[in-house]
Amino acid sequence: MAAESAQTLERGLRLLRLLADGKGGRTPTELSAELGLSRPVVYRLLTTLLAEGFVRRDSEGRLHLGFGVLVLAQAVQPLLRAAALPVLRRLAEDVGATAHLTVAEGGEGLAVAVVEPSWTDMHVAYREGSRHPLAKGAAGRAILALREGRGDYLLSEGQLQEGARGVAAPVVGLPWLEASVGVVTFGTLAESVGPRVVKAAAELASALG
């Protein structure tokens, strides 16, 4: 019974991950084919997930992630922030620039944790909760790079704030998280900053893994 329950849970999680891939809704038949499961098994999974609000059906009968997932996502953000703050604090102090953790929410990047350096005369004020398109700024572009399987750092200048320069790297190796770690400053950035940001992203991935 325990093995059967674990298998059912694993299949349900696979189904949710499939619906979370951003490619739009799917029919039960499409889910069955992509998961390699029989239609009766998929229908049983969907019955439970629909009842719990983790899956919803649109007017055309296609299935999408349900709003019940948002409740879980909101609970995760404080955990992410707590894990990220020590990493961001070290990065901000080492580099002398404002450090941040950005996560993907739809087509936008959301800053969930920000740490400003304590010893600089001037630094960028970047608020937690700030949003921006993923295609603009180093933080969002690093998340897009993650979707392409890349783990290197990206640079930006003046895309979100005039005169501001940014460096960001994706948090690699966590299938449940699309995020980047980055720094932003009005000053110049040394060549060593990029590798240091990549290292910080790896440190966060290790803390969360």
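Both backbone and side-chain heavy atoms feed into the values below; hydrogens, waters and symmetry mates do not.
Rounding to the nearest 0.5 angstrom, the gap separating the CG atom in L189 from the CG atom in L155 is 8.0 Å. With values rounded to the nearest 0.5 angstrom, R57 atom CZ is found 11.5 Å from L49 atom CG. Atom-to-atom distance recorded for R14:CZ and L45:CG is 9.5 Å, nearest 0.5 angstrom. In this structure, CG in L154 is found 5.5 Å from CZ in R150, a value given to the nearest 0.5 Å.
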Next on the checklist: Set out, in order, the CA-CA distance, both residues' side-chain angles and the distance that settles side-chain contact (heavy atoms from CB on, under 4.5 Å) for L16 and F54, then state yes or no.
Outcome noted: CA-CA 8 Å; L16 291 175; F54 293 117; 4.2 Å; yes
Next on the checklist: The test is side-chain contact (heavy atoms from CB on, under 4.5 Å); show your working for L177 and V103 and say whether it passes.
Outcome noted: CA-CA 8 Å; L177 179 66; V103 301; 4.1 Å; yes
Checklist entry - After noting the C-alpha distance and the side-chain angles of R39 and T29, does the key distance pass the side-chain contact (heavy atoms from CB on, under 4.5 Å) rule? => result CA-CA 7 Å; R39 288 172 64 182; T29 299; 3.7 Å; yes
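Heavy-atom contacts from other residues, nucleotides or ligands closer than 6.0 Å to CD of E10 number more than 12. Counting heavy atoms of neighbouring residues, nucleotides and ligands inside a 6.0 Å radius, atom CD of E148 exceeds 12 of them.
Residues L80 and I143 fall into different hydrophobic clusters, defined by Ile, Leu, Val, Met, Phe, Trp and Tyr side chains chained together at heavy-atom separations under 4.5 Å. At a threshold of 4.5 Å between side-chain heavy atoms, the hydrophobic network of Ile, Leu, Val, Met, Phe, Trp and Tyr places L91 and V112 in one connected group. Criterion: ILVMFWY side-chain heavy atoms under 4.5 Å apart, direct or through other members. Under it, V55 and V41 are part of a common hydrophobic cluster. No single ILVMFWY cluster, assembled from side-chain heavy atoms under 4.5 Å apart, contains both V193 and V124. Under a hydrophobic clustering in which Ile, Leu, Val, Met, Phe, Trp and Tyr are joined whenever their side-chain heavy atoms come within less than 4.5 Å, directly or via other members, L208 and L88 fall into the same cluster.
Under the 3.5 Å distance criterion, the side-chain polar atoms of E93 are matched with a main-chain donor or acceptor of S118. Remark: side-chain polar atoms of R56 are not paired, donor with acceptor, to backbone N or O of G66 under 3.5 angstrom. At distances below 3.5 Å, at least one donor-acceptor pair connects side-chain atoms of T27 with backbone N or O atoms of E30. Between the side chain of S180 and the main chain of A139, a donor-acceptor pair closer than 3.5 Å is present. Under a 3.5 Å cut-off, the side chain of R196 and the backbone N or O of D94 do not form any donor-acceptor pair. A distance-only check finds no donor-acceptor pair linking the side chain of R44 to the backbone of T8 [under 3.5 Å]. Proximity of a side-chain donor or acceptor of R165 to a complementary backbone N or O of G187 within less than 3.5 Å is detected. Side chain of R26 to main chain of L18: a donor-acceptor pair is present (N/O by atom type, distance under 3.5 Å, no hydrogens or angles). Put simply, the side chain of T47 gets close to the backbone of Y43: a donor and an acceptor are under 3.5 Å apart. Between the S32 side chain and the L37 main chain, a donor and an acceptor come within less than 3.5 Å of each other.
Between A113 and L85, the shortest heavy-atom distance links the atoms CB-CD2, 4.3 Å. The heavy-atom pair separating A82 from P86 by the smallest distance is O-CD, 3.3 Å. The two residues E116 and A92 come nearest to each other via the heavy atoms C-CB, 4.2 Å. Residues A201 and V171 come closest through the heavy atom pair O-CG1, 4.0 Å. Heavy atoms only, all atoms of each residue included: T185 and A97 are closest at CB-CB, 3.8 Å. Taking both residues in full, the closest heavy atoms of L65 and A20 are given as CD1-CB, 3.6 Å, listed atom of the first, atom of the second, then distance.
Under the 4.5 Å side-chain criterion, counting only non-hydrogen atoms from C-beta, P195 is in contact with Y153. At least one side-chain heavy atom of P28 sits under 4.5 Å from a side-chain heavy atom of L46. H132 has its side chain within reach of T102: a pair of non-hydrogen atoms, C-beta onward, lies under 4.5 Å apart. Residues V115 and V87 have side chains not in contact (no heavy-atom distance under 4.5 Å, counting atoms from C-beta outward). A 4.5 Å side-chain heavy-atom check between R141 and L134 finds every atom pair outside the cut-off. You'll find the side chain of R17 stays beyond 4.5 Å of the side chain of L35, heavy atoms only.
Here ring-ring contact (aromatic ring centres under 6.0 Å, His included) pairs that include residues 87-112, with residues two or more places apart or in two chains, are H100-Y126.
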